[in-house]
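Structure, as C-alpha cells:
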2 protein chains.
Amino acid sequence: MSADQMSYAPSAAAGKQIPAHPLCPVTAAEIKQSAHLIRSLYPANTDFAFKVITLEEPEKAHLVPYLDAEHSRGRLPQIDRKTFVCYYLRNTDKFHEAIVNLSQQRVESNVRLGPNVHGPGDWEEILLVEKIALEDEGVKAEIAKLGLPEGTAVISDPWIYGSDGINDDRRMYQCFLYMRDPNDPSNMDSNHYAFPLAISPVVDCVDLKVIRIDMCPTGADHATKEAQALWVPPPNEYTPEHQKLRTDLKPLNVVQPEGTSFKVTKVGETGQIIEWQKWSFRVGYNQREGVVLYDVRYAGRSLFYRLALSDMNIPYADPRAPFHKKAAFDLGDAGAGAMANNLKLGCDCLGSIHYLSAVLATAHGEPMPMENVVCVHEQDAGIGWKHTNYRTGRAAVVRSRELVVQSIITVANYEYIMAFMFNQAGEMTYEVRATGIISTQPIDEGVEVPWGTIVHPGVLAVHHQHIFSLRVDPAIDGHANRLVYDEIHPMPVSAFNPHGVGYTVSETTVPESAGLDTDYDAARTFKVLNAASRNPVNGKAVGYRIHVPGFQKMLAHPDSFHHKRAEFADHNVYVTRYRDGELYAGGRYTNQSRGGAGVRAWAARRDAVVDADIVLWLQFGLQHVTRAEDFPVMPCEVIRVSLKPVNFFPANPALDVPPSTQAFNRSTLVAERHRQPAVEGRVGEDGAVCCSSKL
Amino acid sequence: MSADQMSYAPSAAAGKQIPAHPLCPVTAAEIKQSAHLIRSLYPANTDFAFKVITLEEPEKAHLVPYLDAEHSRGRLPQIDRKTFVCYYLRNTDKFHEAIVNLSQQRVESNVRLGPNVHGPGDWEEILLVEKIALEDEGVKAEIAKLGLPEGTAVISDPWIYGSDGINDDRRMYQCFLYMRDPNDPSNMDSNHYAFPLAISPVVDCVDLKVIRIDMCPTGADHATKEAQALWVPPPNEYTPEHQKLRTDLKPLNVVQPEGTSFKVTKVGETGQIIEWQKWSFRVGYNQREGVVLYDVRYAGRSLFYRLALSDMNIPYADPRAPFHKKAAFDLGDAGAGAMANNLKLGCDCLGSIHYLSAVLATAHGEPMPMENVVCVHEQDAGIGWKHTNYRTGRAAVVRSRELVVQSIITVANYEYIMAFMFNQAGEMTYEVRATGIISTQPIDEGVEVPWGTIVHPGVLAVHHQHIFSLRVDPAIDGHANRLVYDEIHPMPVSAFNPHGVGYTVSETTVPESAGLDTDYDAARTFKVLNAASRNPVNGKAVGYRIHVPGFQKMLAHPDSFHHKRAEFADHNVYVTRYRDGELYAGGRYTNQSRGGAGVRAWAARRDAVVDADIVLWLQFGLQHVTRAEDFPVMPCEVIRVSLKPVNFFPANPALDVPPSTQAFNRSTLVAERHRQPAVEGRVGEDGAVCCSSKL
C-alpha cells in the first residue's frame with residue numbers, strides 16, 4: 001500500500017471531518033462532534049460524564065473489501081465513519097452506550113445499560129474519589145487515632161471495587177490508604193507504599209461520599225482492630241536522591257548514523273502506517289487497548305487483520321475482606337490507552353526514536369492530547385543466524401534487527417511496558433515487562449502468612465497472578481484460517497521402531513470454538529494455518545506457530561467471582577469464530593462485572609472454526625510470588641509470546657539480510673587491560689530523574 | 001578479591017611453570033609438560049593420540065580453603081597443580097586416562113579404560129575419517145553409480161557412531177555423504193546439505209578403513225535401494241552472493257564513548273578475572289565445556305562455586321538404520337571448547353568487545369592456540385525498572401545493562417551461540433541460540449514421513465530434540481545449601497476463604513539426591529537456599545530462584561540406548577551431593593557410551609542434600625519440529641535459563657543504578673516524516689561475508 005493512495009479520503013460520504021482511512025483513530029474534532037451529537041439527545045442543562053469516545057471500527061464485512069480494494073488499487077467502497085460512546089448522566093447510575101454515525105451526523109443507537117453494568121474509571125473520577133475519601137470526617141477521625149506526626153500526608157489509592165456479590169450492585173471504589181514518610185513531609189515522591197494503613201474507605205460513585213469504612217486485617221486471620229497509635233517504620237524510597245548511586249556504569253549509546261530503517265507515514269490527523277523490513281501495518285490507539293495494529297503484512301502477504309492486548313486480570317491471594325475483591329482488569333477498568341506514560345527521549349527508549357501521539361476524550365467530551373504515548377525504534381537482537389563452513393573456515397553471519405512499538409502504562413502503583421516486536425525472520429513477538437511498585441498492605445510485627453511476603457517492616461506484599469490475553473485476529477494469506485495443534489508422541493517399540501528411539505508429530509484440527517491448553521509432556525503446540533495456501537517446497541498448509549510460555553491458570557475457584565469475571569484466565573488458548581464487537585476477552589465492561597460476557601461465553605457457542613474467520617486469544621501470565629527484591633520498585637519481569645512462520649515461507653526469510661560486517665557494525669576492540677578511569681558523581685549526582693512531567 | 005593479590009603465585013610448590021592461581025586453565029607449557037610426562041612412561045617410539053589435556057581442577061576440600069583465604073587476605077594454602085590427560089596409543093583401541101601432577105613432575109595415575117569406553121573425536125581424526133571414507137574404493141564405486149556430473153565434489157560428514165548394541169563395541173564413525181552443487185563445482189561454500197546422498201560408510205578408528213557401507217532408506221519405510229543415477233535438485237545456498245540482499249537496512253552501532261564498565265584482569269598466562277557492576281568471577285576454558293565460570297560473587301557475597309554447560313544431547317526421531325543412532329553429545333563427543341569459533345570484530349558481537357583467547361592441546365600433545373573464542377561485552381536490555389508517581393508526574397526509570405560472556409561453536413552442520421549474561425538486579429541468565437544448518441537426509445519424491453519435514457526437493461530434515469544440562473554448583477552465602485520447591489495451591493473454600501479466591505505458597509525441601517520436574521499446574525518452582533543465612537527484612541532463608549522454561553523430556557524409550565546414555569534428559573532438575581570429578585551430566589565419556597556413568601546414576605545414591613554441598617543440574621530444551629524456514633540456515637531459536645535472587649537482598653539490588661537520562665543515553669529524535677534516502681548496494685554488494693578465517 002502506498003501513502004499516496006492511503007491519503008485520499010473515501011469519496012462518497014466525505015465531509016471535512018472524515019479522516020483519510022476507516023481505521024484512523026478518532027480525531028479531536030470527531031470527539032467533540034460525537035459528544036455534541038449525544039448532548040443533542042438530552043435537555044440543554046444535562047451534565048454528562050463521558051467514559052469513552054472512540055472509533056467504532058467498521059464491520060469486518062465492510063472493511064475487508066475496503067482493504068482488498070486498497071491493496072489491489074481498486075475503487076474503495078464507502079464506509080460510514082462511526083464512534084462508540086459510553087457515558088453516565090453525571091452523578092447518576094444511568095450508564096449508556098451509543099453508536100454515533102458521523103458520516104450521517106446522527107446517533108444510530110443509544111441504550112441505557114445495566115443493572116450491574118458499570119463504566120470504567122477515569123482520571124477525573126479517580127482524583128475526585130481520592131479527595132472524597134480523605135476529606136470524609138469519619139475517615140479523618142480514624143486517621144486521627146493513628147497519632148501520626150503533624151504534617152504527615154495521607155494518600156488514598158482508589159481501587160476498582162471488584163465483585164463479591166455482597167451489596168455490590170452500586171458503583172463504588174475501595175480506597176486503600178497509605179502515608180508519605182512522616183519524617184520527610186516535604187518529599188512529594190516519598191514511596192507511600194512503604195507505609196500502608198489499615199483504614200479502607202468505600203466511596204459511592206453516585207452519592208459521591210464515603211458509605212463505609214473497612215478496617216483491614218493485619219494479623220494472620222480475619223480479625224481487624226480499632227485504629228490505634230502507629231509505630232512508624234523507616235522509609236523505603238526508590239527515587240535516586242535517596243540512593244548511593246553506582247558510579248561505575250559507562251554510557252552505552254545506540255547510534256544510527258544514516259537514520260532508521262523504518263518509515264512512518266501519517267494518514268490524516270491520527271493514522272499511521274509503519275513500514276520496516278518487508279513488514280507493514282497500521283497503528284491505531286484507543287482508550288482501552290492502547291496500541292492496536294491493523295492489516296499486518298509481510299512482503300505484501302496478509303498475516304493479521306488485527307492485533308492488540310485484549311485484557312489482563314490480576315487476582316490477589318489474600319482471602320480476607322476487603323482484600324478478597326482485589327482482581328484488577330487494568331484495561332477494562334482503567335484503560336491501557338488512558339493510563340499511558342508520556343515517553344521521554346533518552347529515558348524510556350534507547351537509540352533513534354519516533355514517537356506517536358494520540359488523542360482521547362475527557363470526561364467532559366473534550367479531546368485530551370496524549371503526547372508521545374508510543375515509541376517506535378529499532379534494536380539489535382543479537383545474532384540472527386550463523387553458519388561456519390569448517391572446511392573453508394568461511395562464516396556467514398547476520399545480526400537480527402527488531403522493530404519495537406512500545407508503550408508504558410502506570411496503573412496506580414504498577415507499571416507495564418508493552419511492546420510489539422517484529423524481526424527479519426518474519427516473527428512477531430509481544431512482550432510485557434511488569435515493573436513498578438507491588439501492592440502493599442499492613443501486617444503486624446511477628447506475623448507471617450502463606451499468601452504474601454514481608455518486604456519492609458510492617459509491610460506485606462500479597463502474592464498475585466498476572467494473566468494477560470492477547471487477541472490475534474489472523475488473516476494468514478486470507479481470512480479462512482484454522483487452528484491446529486501438533487503433538488509429539490513416541491512410536492511404540494516394534495519391528496518398525498526396534499531401538500525405541502522413533503517419534504512422530506501429529507496434527508489435530510480444532511473443530512469448534514473452545515478453550516484449549518498446552519501440554520509440555522506432549523509438546524502440544526498451536527498453529528494457525530491456511531489450508532488453501534500451500535508451501536511450494538513441501539506442500540504443507542502455510543501458517544504461523546504460537547509460542548506461549550507455560551503458566552499456572554487462575555487459582556480462584558470456578559464458582560468464585562474472580563473466575564467468572566476473568567473469562568480468559570482458565571485456558572492457554574481460546575479460539576472463537578469472528579463476530580463484530582467481540583474484542584475484549586473479559587467482556588466490554590469489566591468494572592464490578594459478573595462474568596458471562598467474554599470469551600468463555602463466546603467459545604461456548606461451539607461455532608465451526610475450520611477454514612473460517614477465526615479469532616485467537618492467547619493467554620500468558622506471571623505467578624508473582626513476592627520477594628524482598630520486588631520492593632520498593634521491582635526489577636522488570638519479562639514475558640513474551642511469539643508467532644513464528646511455519647512453512648509460510650519457502651526458506652529462511654532472513655536469508656537476504658546483509659551479512660554482519662565490521663564496516664557496517666563498527667564495533668570497538670577493548671584494549672586487553674582496559675583502564676577504567678574513575679568517573680564519580682557524573683551520573684545522577686544531583687538526584688535528578690529523567691522524566692518529570694504530568695501524565 | 002584484588003588483581004594484585006591474585007597475581008602472586010602459591011609460594012610453596014611454585015616452580016616457574018606454576019600459574020598464578022589454581023583455577024587458571026592449563027598453559028601451553030603445561031600441555032607440553034603433561035604430554036612429556038605421559039610419553040616418559042612408554043618406550044621412546046610410542047605414538048600417541050592425545051584426546052584431552054586439561055586442568056584437573058583441585059579437589060574442593062582444598063580449593064575452598066584457598067578461596068576463603070584469598071577473600072579474607074589470609075595465607076594461601078599450597079595446592080598441587082595437576083592436569084587431566086586422556087589419550088590413545090595411536091591406531092589402537094588402548095584408551096587411557098591419567099592425572100599428571102605438575103607440581104611434583106610425575107604421573108599420579110595412568111589407567112587403561114574400557115571396554116566400551118571411548119574418547120571423543122578431535123579435529124585431526126575427523127579430517128582423517130572424512131578422507132578415509134571418500135578414498136575408499138567401495139565408496140567410490142557406490143558414488144559412481146549416481147552418475148554425477150564430472151567435477152562434482154562429494155562431502156563426507158563423519159558422525160559420532162552412537163550406540164545400538166549391535167556390533168558397536170569398536171570405535172567407529174558413521175559418515176553421511178553429500179555433494180556440493182554439481183552445477184557450480186568451484187563454489188567451495190556450496191551448501192552440501194541441500195544434496196544429501198543415501199550412501200553412508202562406516203569407518204573403523206583402529207584399522208582406519210571403511211568396514212561397512214550402509215545404504216540409507218529414502219522412502220517411508222526401512223527399505224533401502226541400490227545406488228542409482230540421481231536427479232539433481234536445484235541448489236539452496238546461504239552465502240550472501242547467492243541472495244538478492246535487502247538494501248534498506250541502516251547501520252545500528254553501539255558506542256561506548258567512555259569505554260566499558262567491566263574490567264578484565266589477566267591472572268598469569270591463562271587466567272582471567274572479570275569484574276562488572278558488583279559481579280566478579282574467574283573465567284576458565286577447556287576442551288569439553290568451553291567457558292567455565294568460577295567463584296561467582298555479587299558485591300563480595302558468594303553465589304556460585306562453578307557454572308558451566310555440562311552436557312547436551314540431540315536425539316533424532318527417525319527410527320530407521322543408520323539414522324536411529326543419531327544422538328549427538330556435542331560436548332562429550334566433540335567438545336564445546338574445541339569446536340569454538342574464532343570470533344570476528346563487528347561480526348559476532350556488537351559494541352565494545354573484549355576477546356578472550358585460550359589454549360587447548362592437539363592430538364600430538366602440542367598447544368593449540370584458540371584465538372578470540374570468547375567475547376565479553378555489555379548490552380542494553382531495555383528498561384530495568386520504572387515507576388511514575390501519577391500524582392506528581394515524576395517518573396523514575398533505569399535501563400538494564402547486561403554483561404555478556406559469549407562463545408559460538410560449530411559442530412559440523414550446526415551452531416550454538418552460548419552466553420552467560422549478568423544484570424544489575426543480581427540475575428544470571430544462561431542463553432543458548434540454536435542456529436546453523438539442520439541435519440538432512442535424502443527422501444524420495446512424493447514421500448512424506450511423520451518424523452520430519454521436507455525442506456528442499458528430495459531433502460528431509462528429521463525432527464529432533466535439543467536437551468541441554470547446565471551444571472550449577474551453588475555457594476549461596478556459603479557451601480551448605482538446599483534445594484526446595486515452591487508450589488501454589490488454592491485454599492479450600494471455607495469460612496476462612498469464603499469467596500474461593502485465596503491461595504497459598506508452600507515450600508518443600510528436597511531431602512535426597514533426585515531427579516525432579518516442574519509442574520505448571522502447581523506453579524512448582526525450584527529455589528536454592530542457604531537456611532543459615534537470613535534476609536534482614538523478612539527472616540527468610542536467602543536464595544536464588546531457578547527459572548527454566550518447560551520442555552518435553554526425552555522421547556526415546558526408557559530401555560533405549562538414547563535414554564540410557566542421556567542420563568540428564570528425563571528430568572527438569574537433578575540435585576546431587578557434590579563429589580569431585582562429577583562434572584558432566586552424561587558421564588565423562590559419551591562417545592558410544594552405554595549409560596550408567598552420569599547424573600542419573602549419581603542421583604541414585606540418594607545422598608542427603610539438605611544444607612549440604614550440593615550440585616544442581618538444570619535441563620532445558622528445544623523440541624525442533626523442522627519447517628521450511630529452517631533451511632538452508634535456520635533463524636536462531638533462543639532459549640534461556642535464569643537464576644534470580646529470592647530474598648537474597650533486602651531490596652531491589654538495581655535500586656542504585658543511575659537513572660536513565662538523555663544526557664547519559666543520547667537518544668535521537670527521528671523527524672516526524674523521516675526521509676529514507678535510497679542507499680542501494682552499500683551493504684554486502686560484493687557478496688563478501690564477514691569472517692573468513694580458518695577455524
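Please read these numbers as outputs of a predicted model, since none were measured by experiment.
- Of the two parts of B/D221, the backbone and the side chain both hold a non-hydrogen atom closer than 4.5 Å to a non-hydrogen atom of chain A.
- A donor-acceptor pair under 3.5 Å links the side-chain atoms of A/N497 to the main chain of A/M491, judged by distance alone.
- If you measure heavy-atom distances from A/A425 to chain B, the contacts under 4.5 Å come from the side chain alone.
- If you take OG on A/S560 and CG on A/D164, they are separated by 11.0 Å, rounding to the nearest 0.5 Å.
- For a residue to count as touching a neighbouring chain, one of its non-hydrogen atoms must lie under 4.5 Å from one of that chain's; by this rule B/H563 does not touch chain A.
- Distance check, rounded to the nearest 0.5 Å: NE2 of A/H354 to CZ of A/F262 gives 6.5 Å.
- Ranked by heavy-atom pairs under 4.5 Å with chain B, the first of A/D318, A/V638, A/D486, A/D521 is A/D521.
- Heavy-atom minimum distance, A/S660 versus A/R399: OG-CG, 3.5 Å.
- Interface remark: A/P315 contributes backbone atoms only to the contact with chain B (heavy atom separation under 4.5 Å).
- Of the listed residues (B/V501, B/N538, B/T504, B/V537), the greatest number of heavy-atom pairs within a distance under 4.5 Å of chain A belongs to B/V501.
- A distance-only check finds a donor-acceptor pair linking the side chain of B/N413 to the backbone of B/I437 [under 3.5 Å].
- Among the candidates B/G539, B/G382, B/P498, B/S506, the residue making the largest number of heavy-atom pairs closer than 4.5 Å to chain A is B/G382.
- A donor-acceptor pair under 3.5 Å is formed between the side chain of A/Q662 and the backbone N or O of A/S667.
- When atom types are taken as modelled, the side chain of A/T388 and the backbone of A/A395 share no donor-acceptor pair closer than 3.5 angstrom.
- A/V254 touches chain B through backbone and side chain together, each having a heavy atom under 4.5 Å away.
- If you take NZ on A/K386 and OG1 on B/T410, they are separated by 6.0 Å, rounding to the nearest 0.5 Å.
- Contact annotation for A/V455: only backbone heavy atoms (N, CA, C, O) come within less than 4.5 Å of a heavy atom of chain B.
- Proximity to chain B (any heavy atom under 4.5 Å) is shown, for A/E629, by both the backbone and the side chain.
- Options A/G436, A/A556, A/P490, A/P635 differ in how many heavy-atom pairs under 4.5 Å they form with chain B, and the most are formed by A/P635.
- Between B/F631 and B/H456, the ring planes lie tilted relative to each other; the angle falls in the 30° to 60° range.
- Looking at A/A412, the atoms closer than 4.5 Å to chain B (heavy atoms on both sides) sit in the backbone and in the side chain alike.
- Interface remark: A/L655 contributes backbone and side-chain atoms alike to the contact with chain B (heavy atom separation under 4.5 Å).
- Here the straight-line distance linking atom CG of A/L350 with atom CZ of B/R666 works out to 12.0 Å at 0.5 Å rounding.
- Proximity of a side-chain donor or acceptor of A/R401 to a complementary backbone N or O of B/L249 within less than 3.5 Å is not detected.
- B/N647 places a side-chain N or O within 3.5 Å of a backbone atom of A/A628 that can act as its donor or acceptor partner.
- Of all the listed residues (B/W385, B/F551, B/Y520, B/W451), the one sharing the greatest number of non-hydrogen pairs under 4.5 Å with chain A is B/Y520.
- B/P645 touches chain A through backbone and side chain together, each having a heavy atom under 4.5 Å away.
- No part of B/V376 comes within reach of chain A, as not one of its non-hydrogen atoms sits under 4.5 angstrom from that chain.
- Interatomic distance, B/D189 CG to A/R391 CZ, rounded to the nearest 0.5 Å: 11.0 Å.
- At a 4.5 Å heavy-atom cutoff, the contact between B/N535 and chain A is made by side-chain atoms alone.
- Heavy atoms of B/L252 lying under 4.5 Å from chain A belong to its backbone as well as its side chain.
- Of the listed residues (A/M634, A/Q243, A/Q552), the one with the most heavy-atom contacts under 4.5 Å to chain B is A/Q552.
- Residue B/Q623 touches chain A through its side chain alone, counting heavy-atom pairs closer than 4.5 Å.
- By number of non-hydrogen pairs under 4.5 angstrom with chain A, the leading residue of B/Q277, B/K244, B/H222 is B/Q277.
- For B/C349, the disulfide (SG to SG under 2.5 Å) partners two or more places apart in sequence, or in a different chain, are B/C375.
- Interface check for chain A: of the options B/H557, B/H499, B/H562, the most heavy-atom pairs under 4.5 Å are formed by B/H499.
- Contact of B/F648 with chain A is made through backbone and side chain together, with heavy-atom distances under 4.5 Å.
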- Message: One pair to check against salt bridge (charged side-chain N to carboxylate O under 4.0 Å, His left out): B/K250 and A/E258. What are the steps and the verdict?
- Response: CA-CA 6 Å; B/K250 303 300 178 66; A/E258 298 176 21; 5.5 Å; no

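- No other option in A/N652, A/I454, A/N665 has as many heavy-atom pairs under 4.5 Å with chain B as A/N652.
- A distance of 8.0 Å separates CD1 of A/I408 from CD of A/E415, quoted to the nearest 0.5 Å.
- The greatest number of non-hydrogen atom pairs below 4.5 Å with chain B, out of A/G502, A/A317, A/P549, A/A654, is found for A/A317.
- Put simply, of B/Q379, B/R320, B/M188, B/H463, the one with the most heavy-atom pairs under 4.5 Å next to chain A is B/H463.
- Taking chain B as the reference chain and counting heavy-atom pairs below 4.5 Å, the highest number among A/N236, A/T453, A/N423, A/D630 is found for A/T453.
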